[in-house]
Amino acid sequence: MAGTKEIKTHIQSVQETKKITNAMYLIASTKLQKARQELDNTRPYFQALRAEIKRIFRDVQDVDSHYFYPAQGEHPLDGTYGCLVITADKGLAGAYNQNAIKEALKLLEQHPDTKLFVVGEYGRRFFASHGIPIEHSFLYTAQNPTMARAREITALLLDGFDRGELQKIFLVYTDMASAVSFQARSTRLLPFHRAHFADSDELEQPVTEPFEFLPDVRSVLDSMIPSYVSGFLYSALIDSFCCEQDARMTAMDSANRNAEKLLGELSLQYNRVRQAAITQSITEVSAGARAQRQNNKG
């Protein structure tokens, strides 16, 4: 049985760990609030951009762009796919990273000819340790999702798509469905389907005059897509970042509760051992006094 010194050392160790987990909880909470605010500040622009793309399809029925499937529906696209996987730079976030990696592995199983583009050190190390090749890894983006980094990723992905090296581009990220729930998702980023913009009526205003597109409608649409994709990726980066912080808050809160429970058990054990030591000392003193009295009588 452990002595009072060992138990006291264990208590101090748990208390120090609890300070770290509590600090990580507070940091994650602050980052979560800041990221949500940044997303809310940029979302109206991209909602308006989406509404304008919808308006183009509504006013011009025969518009053609390689960023979109034909109007009659999807057609099979064989060849190399691209997949952008968003993970965190570190763990201690529950199953957040593993869920995103599972979605990426499902896509690789369905279509082995897929090039991986990885955001986050956790994902990079996982794929490297399992011998899965990575086309490109974006460093530090997971902990600092900015519009500039989203544009950098967009430029690389669109370059491969425009040159025909990537037939489809998928995005694996973690979507925050609500303030208390989130799940890893796999969605096709390119090419778009026109139905993707069918329910986009944000900020749309009635039009009384016909549009004039210069130099032509396809050029206008193609110039809008990079900005829209950048906004989509930025939203996914922020969503994933928020989910990561929320998962870390949950994990650290659970760690704090476990630490409180463990401290209670250790304190009870410490008091029992200490009381047993005191009782033993009293017993030894009493036994010694009794033996001394007997010797004196003898």
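Numbers for residues simply follow the sequence, beginning at 1. Just so it is clear, the structure is predicted and the values come from calculations on it, not from any experiment.
- One finds the SG atom of Cys243 at 6.5 Å from the CG atom of Asp175 (value rounded to the nearest 0.5 Å).
- Separating the CD atom in Glu152 from the OG1 atom in Thr146 is a distance of 8.5 Å, to the nearest 0.5 Å.
- Ion pair Glu121/Arg124 flagged as a salt bridge, since at least one NZ, NE, NH1 or NH2 atom sits closer than 4.0 Å to an Asp/Glu carboxylate oxygen.
- With a 4.5 Å cut-off on side-chain heavy atoms, Arg185 and Val172 do not count as touching.
- Panel note: side chain Ser29, backbone Tyr25; no donor-acceptor pair is recorded below 3.5 Å.
- Note on Leu139 and Ile134: separate hydrophobic clusters, where clusters join Ile, Leu, Val, Met, Phe, Trp and Tyr whose side-chain heavy atoms are under 4.5 Å apart, directly or indirectly.
- When hydrophobic clusters are built by joining Ile, Leu, Val, Met, Phe, Trp and Tyr residues whose side-chain heavy atoms come closer than 4.5 Å, directly or via intermediates, Leu116 is grouped together with Phe126.
- What you find for Leu166 and Leu157 is that their closest heavy atoms are CD1-O, 4.2 Å.
- A continuous path of Ile, Leu, Val, Met, Phe, Trp and Tyr side chains, each step under 4.5 Å between heavy atoms, connects Tyr228 with Ile153, placing both in one hydrophobic cluster.
- At distances below 3.5 Å, at least one donor-acceptor pair connects side-chain atoms of Thr21 with backbone N or O atoms of Lys18.
- Between the Ser254 side chain and the Ala251 main chain, no donor and acceptor come within less than 3.5 Å of each other.
- Ionic pairing of Lys19 and Glu16 is present here: one or more N-O contacts between side-chain nitrogen and carboxylate oxygen are shorter than 4.0 angstrom.
- To the nearest 0.5 Å, the span separating CG on Leu84 from OG1 on Thr187 amounts to 12.0 Å.
- Qualifying side chain to side chain donor-acceptor pair (under 3.5 Å) partners for Asp159, counting only residues two or more places apart in sequence or in other chains: Arg163.
- Gln269 contributes atom CD, which lies 9.0 Å from atom NE2 of His10 (distance to the nearest 0.5 angstrom).
- Looking at Leu156 and Phe138, their side chains come closer than 4.5 Å, going by heavy atoms from C-beta outward.
- Annotation for Gln98 and Tyr122: closest pair NE2-OH, 2.9 Å, computed over non-hydrogen atoms.
- Rounding to the nearest 0.5 angstrom, the gap separating the CG atom in Leu268 from the CG atom in Leu263 is 12.5 Å.
- Judged purely by atom type and a 3.5 angstrom limit, Asn97 uses its side chain to pair as donor or acceptor with the backbone of Ala88.
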* Asked: Going through the checks in order, is the side chain to side chain donor-acceptor pair (under 3.5 Å) test met by Gln245 and Tyr96?
  -> CA-CA 10 Å; Gln245 303 310 318; Tyr96 166 80; over 6 Å; no
* May I have the step-by-step check of salt bridge (Lys or Arg N to Asp or Glu O under 4.0 Å) for Lys106 and Glu103, ending in yes or no? => CA-CA 5 Å; Lys106 288 180 183 178; Glu103 287 296 320; 3.6 Å; yes
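- No side-chain heavy atom of Pro112 sits less than 4.5 Å from a side-chain heavy atom of Thr114.
- For the pair Ala236 and Leu171, the tightest heavy-atom approach, listed with the atom from each and the gap, is CB-CD2, 3.6 Å.
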* To do: Take Ile282 and Thr279 through the test side chain to side chain contact (heavy atoms under 4.5 Å, CB included) and record every step on the way to the result.
  => CA-CA 5 Å; Ile282 294 176; Thr279 302; 5.8 Å; no
* Step by step, work out the side chain to side chain contact (heavy atoms under 4.5 Å, CB included) result for Val119 and Thr87. => CA-CA 6 Å; Val119 171; Thr87 64; 5.9 Å; no
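- The backbone N or O of Ser227 sits nowhere less than 3.5 Å from a side-chain atom of Thr154 that would complete a donor-acceptor pair.
- Taking the six-membered ring for Trp and thresholds of 30 and 60 degrees, Phe170 and Tyr81 have ring planes inclined between 30 and 60 degrees apart.
- The backbone N or O of Gly79 sits less than 3.5 Å from a side-chain atom of His111, completing a donor-acceptor pair.
- Closest of all the heavy-atom pairs between Gly123 and Val118 is C-CG1, 3.8 Å.
- Gln15 is listed as a side-chain neighbour of Ile11, based on a closest heavy-atom distance under 4.5 Å.
- In the hydrophobic cluster analysis, where Ile, Leu, Val, Met, Phe, Trp and Tyr join through side-chain heavy atoms closer than 4.5 angstrom, Ile27 is grouped apart from Ile20.
- The two residues Met147 and Tyr234 come nearest to each other via the heavy atoms N-CE1, 3.5 Å.
- The CG atom of Asp246 sits 12.0 Å away from the CZ atom of Phe241 when rounded to the nearest 0.5 Å.
- Looking only at distances, no side-chain donor or acceptor of Ser13 sits under 3.5 Å from a matching main-chain atom of Thr9.
- A donor-acceptor pair under 3.5 Å is absent between the side-chain atoms of Thr174 and the main chain of Ser240, judged by distance alone.
- Hydrophobic clustering, with ILVMFWY side chains joined whenever heavy atoms are under 4.5 angstrom apart, keeps Ile86 apart from Ile101.
- The heavy-atom pair separating Leu266 from Ile7 by the smallest distance is O-CG2, 3.6 Å.
- Counting heavy atoms from C-beta outward, Leu158 and Leu190 have side chains that approach closer than 4.5 Å.
- A salt bridge is absent between Lys31 and Glu244; no separation between the charged side-chain nitrogens and carboxylate oxygens falls under 4.0 Å.
- Between Lys90 and Arg248, some side-chain heavy-atom pair lies under the 4.5 Å cut-off.
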* Carefully, step by step, assess Ile169 and Val229 under the rule side chain to side chain contact (heavy atoms under 4.5 Å, CB included). => CA-CA 11 Å; Ile169 298 178; Val229 173; over 6 Å; no
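- Between the side chain of Asp253 and the main chain of Met249, no donor-acceptor pair closer than 3.5 Å is present.
- Residues meeting the side chain to side chain donor-acceptor pair (under 3.5 Å) test with Thr80, sequence neighbours left out: Asp113.
- Judged by distance alone, the side chain of Arg188 and the main-chain N or O of Pro191 form a donor-acceptor pair under 3.5 Å.
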